[in-house]
Amino acid sequence: MSAHLPALQIALPLMAAPFCLLLRKRQLVLGFGILVCWLSFAVSVGLVRQTLEVGEIVYSLGGWDAPWGIEYRIDLLNASMLALVSLIAAIVLTYAPASLAREIPESKQYLFVPAYLLSMTGLMGIAITGDLFNVFVFLEVSSLSSYALISLGRDRRALTATLQYLVLGTIGATFILISIGLLYMMTGTLNMADMATRIGAMESMRTVHAAFAFFCVGVGLKVALFPLHVWLPNAYTYAPSVVTAFLAATSTKVSVYVLLRFVFSVYGYEFAFSSMPLDTMLLALSLLGIFVASAVAIFQRNIKRMLAYSSVAQVGYMVLGISFASVSGLTGAIVHIFNHALMKGGLFLAMGCIVLRIGSARIDDMAGLGKRMPLTMFAWVLGGLSLIGVPLTVGFVSKWYLIEAALEKDLWWVAGLALLSSLLAVLYVWRVVEVAYFREAPAGAQREEAPLSMLIPTWLLIGASVLFGIRTEWTAGIAQKAAALLLGVGP
Amino acid sequence: METFLGLYNYWVVIFLMMTGFYTVISRGNLVKKVVGLNIFQVSVFLLYISMGKVEGGTAPILVDGQNVAYSNPLPSVLILTAIVVGVATTGMALALIVRIQEEYGSIEEDEILKMEQSDA
């Protein structure tokens, strides 16, 4: 049983998705979906424990060995990505029923769960597989189902936002497909580990360079790396709250993981950072992204859109960590993947509670909300502090590693800019706090907290983002080991 | 000149790729955009299939006592999967366009943009 956990991780939600269509009853389907998500989380915890014991798990699907068959290859980095995706999926779906009842027509609610499970399967599949073409297939599984999820939004602009995402997402995926084709042409293999051993001999060839460039641009679209982020703000703004929380916490993070895996495990960082100028490119784009997106976030009137722009900025921090190509830089990037998933997931869940009660995500409608929904707003403020990077929150841990990495390389100005950018986050978080706490509620507004079924999941994520900000050794310890693995230095 | 003609399959691929990409960017009609996206994807299918072809090669079936030259079947198999993905994407996009037509009464990008600005 425990030897087959890798297959179970993918097979469980994949098989459960069509089964939901047979159940049909809203309550049954939601309960079943929640059960499947928590079971997946249990499986991924099992995988994390196995990787901590034995190091790397190699699993040949169907008993066909590596270069011919598809292989799942799990080390500490992807095991913890799997745990992250399944945990967020489970928490968000547990939160979902009350929020869905308000935001999606009842006839469509049972259709929501299969799409959600498929999206989760795709994201976990990207993380678990050791085969490049399999990455493409799972990428499309997760993308197609997330298009369906986003288009469920009530606002008609959700439809145009989805189509825009679909067109850009398909272009990105096709770029990745071109890159995989070129690499297969040169190396004759699709297995990442096998490819890594063969690629060294042909590093000077132009086809290999082109494949690298295509892949980075394709994944850049999925990561929403500035300036390839245009699809993200609309998609996050008009999707149902539950979908936004799930996608914001997982989908761009898994894409960052793909970038890490491709750059460090397939090509090796000497190639990416010496013969290709990836570090300068990523450094420039991430800093630009952080500043432009944070500045745009300050002027948003819709808070979901504000948080979406802040996501683009936060992705910039992860990419900034990658651009240093050092252990502390990568630790910062990986730990920020986790931390940002916790805080942005928590923030969007809090937004879902607010939308449930006041029916709007506009900042002007939030007057006096600190008194009307004290628990929800307090969770929001804690999440906001974490976005800024205040000590004792997870945001501080990420910034600490990033700045340490910048100083190691004597990039004083980068460290200064990273600190300065936190001030921009202070501005946009403060705008919400001011309206919610210091402006009088409209007459007749009553105290009406969100139901417990939504508050508890919100506080789970926000609580975790404070807990891991105090007990830094858990997440940062795993991130440090994973960074050392990627760079090939001893743990 | 020889390399130019010898690699003609790649020129076809690049021509199709750019045609599709340009259509996606330049057309305002949503259906035309999806058609462009399709051409763009198909060009990559051709890239894969033509790379596996061996001149004079047949299907990979072993015949007793003969050495058969056969084309690499793997790229074709990969593309079967990619075609399925492409069909799903197109279906999804067309379904969205139908819904957009119902909600906005138009599938022209500039008209929709105008209506969205008055929405906000």
Side-chain angles (χ1 to χ4, degrees), chain A residues 67-68 115 118 122 131-134 136-141 143-148 150-171 173-186 188-190 207 214 218 234 237-238 301-302 305 362, chain B residues 10 13-14 17 20-21 24-25 27 30-31 33-34 36-52 72 74-75 77-79 81-82 84-107 109 112-113 115-117 119-120:
Chain A
W68 297 282
L118 281 178
D131 183 281
L132 263 185
F133 196 78
N134 216 219
F136 166 76
V137 173
F138 277 124
L139 190 79
E140 284 294 38
V141 169
S143 303
L144 281 166
S145 43
S146 55
Y147 304 148
I150 293 169
S151 68
L152 284 173
R154 265 182 316 175
D155 197 306
R156 64 176 180 176
R157 280 169 287 182
L159 297 170
T160 45
T162 313
L163 194 70
Q164 191 187 24
Y165 181 20
L166 186 144
V167 169
L168 289 174
T170 307
I171 290 174
T174 311
F175 270 38
I176 292 173
L177 192 63
I178 295 171
S179 158
I180 295 171
L182 294 177
L183 280 175
Y184 178 69
M185 203 190 277
M186 298 310 294
T189 180
L190 290 166
T207 314
F214 270 118
N234 276 338
T237 311
Y238 300 119
R301 278 181 299 175
N302 182 313
R305 183 179 281 270
R362 293 170 66 84
Chain B
Y10 297 118
V13 167
I14 291 170
M17 197 181 281
F21 206 32
V24 174
I25 296 168
R27 294 296 117 168
L30 296 181
V31 176
K33 260 188 202 300
V34 173
L37 204 59
N38 262 307
I39 298 175
F40 181 55
Q41 286 179 309
V42 165
S43 74
V44 184
F45 301 168
L46 287 181
L47 171 75
Y48 270 73
I49 292 168
S50 66
M51 87 168 84
N72 185 350
L74 187 70
V77 176
L78 295 179
I79 283 319
T81 317
V84 174
V85 170
V87 169
T89 316
T90 311
M92 180 80 208
L94 292 177
L96 277 171
I97 292 172
V98 170
R99 288 280 296 121
I100 288 173
Q101 163 73 24
E102 282 172 8
E103 293 283 337
Y104 291 84
S106 164
I107 54 166
E109 205 174 34
I112 293 172
L113 209 66
M115 281 183 250
E116 289 199 337
Q117 271 155 1
D119 270 10

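Throughout, protein chains are lettered first and strands after them, A, B, ... in sequence-line order, and every chain is numbered starting at 1. What you see below is based on every heavy atom in this structure, not just the backbone, and it leaves out hydrogens, waters and symmetry mates.
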First locate atom CD1 of B:Ile112, then atom CZ of A:Arg157, and finally report the distance between them rounded to the nearest 0.5 Å. 13.0 Å
Please classify the contact of A:Val137 with chain B as side chain, backbone, both or neither, using a heavy-atom distance under 4.5 Å. side chain
For chain A, the option from B:Glu102, B:Glu109, B:Met51 that forms the most heavy-atom pairs under 4.5 Å: B:Met51
Judged by atom type as modelled, is there a donor-acceptor pair below 3.5 Å linking the side chain of B:Tyr48 to the main-chain atoms of A:Gly181? yes
Need one label for A:Phe175: side chain, backbone, both or neither, based on atoms under 4.5 Å from any heavy atom in chain B. side chain
Is any side-chain heavy atom of A:Leu190 less than 4.5 Å from a side-chain heavy atom of B:Leu74? yes
Could you tell me which non-hydrogen atom of A:Phe133 sits nearest to which non-hydrogen atom of B:Leu78, and how far apart they are? CZ-O, 3.3 Å
Heavy-atom contact with chain A under 4.5 Å, split by part of B:Thr81: side chain
For a quick test of reading the model, state the closest non-hydrogen atom pair linking A:Ser151 to B:Met92 and the distance between them. OG-CE, 4.5 Å
For the CZ atom on A:Arg156, are there more than 12 heavy atoms of other groups (residues, nucleotides or ligands in this structure) within a distance under 6.0 Å? yes
Passes side-chain contact (heavy atoms from CB on, under 4.5 Å), B:Leu37 versus A:Thr174? Steps please. CA-CA 10 Å; B:Leu37 204 59; A:Thr174 311; over 6 Å; no
Which atoms of B:Ile97 come close to chain A, meaning under 4.5 Å heavy atom to heavy atom: side chain ones, backbone ones, both, or neither? side chain
Shortest non-hydrogen separation from A:Thr160 to B:Tyr104 and the atoms involved: OG1-OH, 3.7 Å
Heavy-atom closest pair, residues A:Leu163 and B:Ala93: CD1-O, 4.0 Å
What part of A:Ala173 gets closer than 4.5 Å to chain B, counting heavy atoms only: side chain, backbone, both or neither? neither
Would you indicate whether the side-chain heavy atoms of A:Ile171 and B:Phe21 approach each other to under 4.5 Å? yes
With A:Phe138 via ring-ring contact (aromatic ring centres under 6.0 Å, His included) - residues at least two apart: none
On a heavy-atom basis, the closest approach of B:Leu47 and A:Ile178 is CD2-CG2, 4.4 Å
Write down the atom of A:Leu159, the atom of B:Glu103, and the distance for their closest heavy-atom approach. CD1-CG, 3.6 Å
